[in-house]
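Have a look at the structure below before the remarks.
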Amino acid sequence: MKKILSLVLVVLMFAALMAIPASAKDDVYTFNIDFPNPETASAFKALKDWAAYLEEKSEGRIIMKIYSGGALGALPDCVMNCESGVTDGFWSGVTIYPGVFPATEVMALPMIGAKNFQVVNDVLNALLAEYPVITDEWSQFKVIALHSSAGSPVLFKDEINGIQDMAGKNLRISNAYTTEWFTNKGANPVSVGINDGYENIQKSVIDGGLFFFDQVESSALYEVIKSLYVGQTIYPLNMLCLNIDKYNELPDDLKEIIDESGEFFLQTSIDYFDEQQDRMIGVCEDHGVKIIPEDEESIEWLADGVESAWQKWVDTVSANGLPGQEILDKALEYIEIYNANYD
């Protein structure tokens, strides 16, 4: 009798299991991630490592397919395509979309005071987690990480003795706030596309200006410059985000894996960006470019008068209903806190 009851129980359990839909444990979730830059970019390498990390941690249940070079849409549509569900996620630059993340852009102000881009990473993600004004700005996405890379060097077509020699030169700027800053330093700000530096320097349309190491590498700017200043100027702001609805469809165990992956991506990107900066400085030196490292005198000179550029930002965001001065004060407070970790 006991054997019969045991057999009946086994049959009933098997029948119950068959009646349950396929377990989420067996489901595979594929995300199509938009990366607008070429595959040679350091960020692409970090994204590929992040995708491999997620696939391994999830035992093949999370697949991140990274599409480079605008394969999923034009750069200006990157954010909108993710928010609307056309893509499942994206990596891009924050300041490419002016006015979309205005509070976060405070960390892109010139001479903001961060000792290095790791400090910018720390501050960005702390503000995202702890400061409601910035938290709310990103509520439409699942943010994996906000991050930076090496600060923008200042490139010069001719040989200079120090950054103070920028006065009187036609230099590329990145926005209205760097325009204000460079004007205060006696330079003539010029707006040209960030990927159009080679031709504009070669033809003397500009005498140099602000370009990130990505452009020094991808556009081979080391071929048309004679000097490169490396130090605190402006930091790029980047974002890696997922479509919030797609993320919310995941079972809790996979959400936890994705939540924890941000730290992996941040550290991986730091390694790649550090390597890129060191490598490109070496390439510049090999091409006879004079490298001018920052010192206390150059930092003080560049920072003198930058407050008017900050005030322009405060006035602009305040006019759009945000507490501009409060945001700036909060950012400076966090920068001071996290700078202490790199003494």
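These values consider heavy atoms only, across backbone and side chains, with no hydrogens, waters or symmetry-generated copies.
The number of heavy-atom neighbours closer than 6.0 Å to CD of Gln164, taken from other residues, nucleotides and ligands shown, is above 12. Surrounding CD of Glu263 are at most 12 heavy atoms belonging to other residues, nucleotides or ligands under 6.0 Å away.
Between Phe117 and Phe273, the ring planes are perpendicular. Angles over 60° get that label, and only those under 30° would be called parallel. Using cut-offs of 30° and 60° on the angle between ring planes, the pair Phe44 and Phe35 is tilted.
Taking both residues in full, the closest heavy atoms of Lys312 and Glu180 are given as CE-OE1, 3.2 Å, listed atom of the first, atom of the second, then distance. Of all heavy-atom pairs between Lys255 and Leu250, the closest is CE-O, 3.2 Å. Of all heavy-atom pairs spanning Ala331 and Val106, the tightest one is CB-CG1, 3.9 Å.
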Residue pair Glu39, Lys48: steps toward the salt bridge (charged side-chain N to carboxylate O under 4.0 Å, His left out) verdict: CA-CA 10 Å; Glu39 293 186 6; Lys48 294 293 286 185; over 6 Å; no
side-chain contact (heavy atoms from CB on, under 4.5 Å) assessment of Met166 paired with Leu171: CA-CA 8 Å; Met166 70 189 293; Leu171 300 178; 3.7 Å; yes
Worked check of ring-ring contact (aromatic ring centres under 6.0 Å, His included) between Phe101 and Trp138: CA-CA 8 Å; Phe101 308 102; Trp138 296 88; 3.9 Å; yes
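The side-chain heavy atoms of Asp304 and Lys185, taken from C-beta on, include a pair separated by under 4.5 Å. Counting heavy atoms from C-beta on, the side chains of Ile194 and Leu210 never come closer than 4.5 Å. Put simply, the side chain of Arg279 does not reach to within 4.5 Å of the side chain of Phe213, judged on heavy atoms. Put simply, the side chain of Thr178 does not reach to within 4.5 Å of the side chain of Pro189, judged on heavy atoms.
The hydrophobic clustering, which links ILVMFWY residues whose side-chain heavy atoms are closer than 4.5 Å, places Leu266 and Leu127 apart. When hydrophobic clusters are built by joining Ile, Leu, Val, Met, Phe, Trp and Tyr residues whose side-chain heavy atoms come closer than 4.5 Å, directly or via intermediates, Val216 is grouped together with Ile292. In the hydrophobic cluster analysis, where Ile, Leu, Val, Met, Phe, Trp and Tyr join through side-chain heavy atoms closer than 4.5 angstrom, Val143 is grouped apart from Phe31.
One distance of note links CD of Glu137 with OH of Tyr131; it measures 10.5 Å at 0.5 Å rounding. Summarising the geometry, atom CD1 belonging to Ile63 is positioned 6.5 Å from atom OG belonging to Ser58; distances are rounded to the nearest 0.5 Å. Atom CD in Gln311 sits 6.0 Å away from atom CD in Gln325 (nearest 0.5 Å). Note that the CD1 atom of Ile327 and the CD1 atom of Ile134 stand 6.5 Å from one another [nearest 0.5 Å]. A distance of 9.0 Å separates CG of Asp27 from CG of Leu254, quoted to the nearest 0.5 Å. Rounding to the nearest 0.5 Å places CG of Leu155 at 11.5 Å from CZ of Phe212.
Asp165 places a side-chain N or O within donor-acceptor distance of the main-chain N or O of Asn161, the cut-off being under 3.5 Å. Checking side-chain atoms of Asn339 against main-chain N and O of Gly113 turns up a donor-acceptor pair under 3.5 Å. Remark: side-chain polar atoms of Asp88 are not paired, donor with acceptor, to backbone N or O of Leu242 under 3.5 angstrom. Judged by distance alone, with hydrogens and angles left aside, the side-chain atoms of Asn116 form a donor-acceptor pair with the main-chain N or O of Val119 at under 3.5 Å. Side chain of Lys290 to main chain of Ile160: a donor-acceptor pair is present (N/O by atom type, distance under 3.5 Å, no hydrogens or angles).
If you look at Phe141 and Phe90, their ring centroids are closer than 6.0 Å.
Phe156 does not carry Lys169 over the face of its six-membered ring by the limits of under 6.0 Å from the centre and within 45° of the normal.
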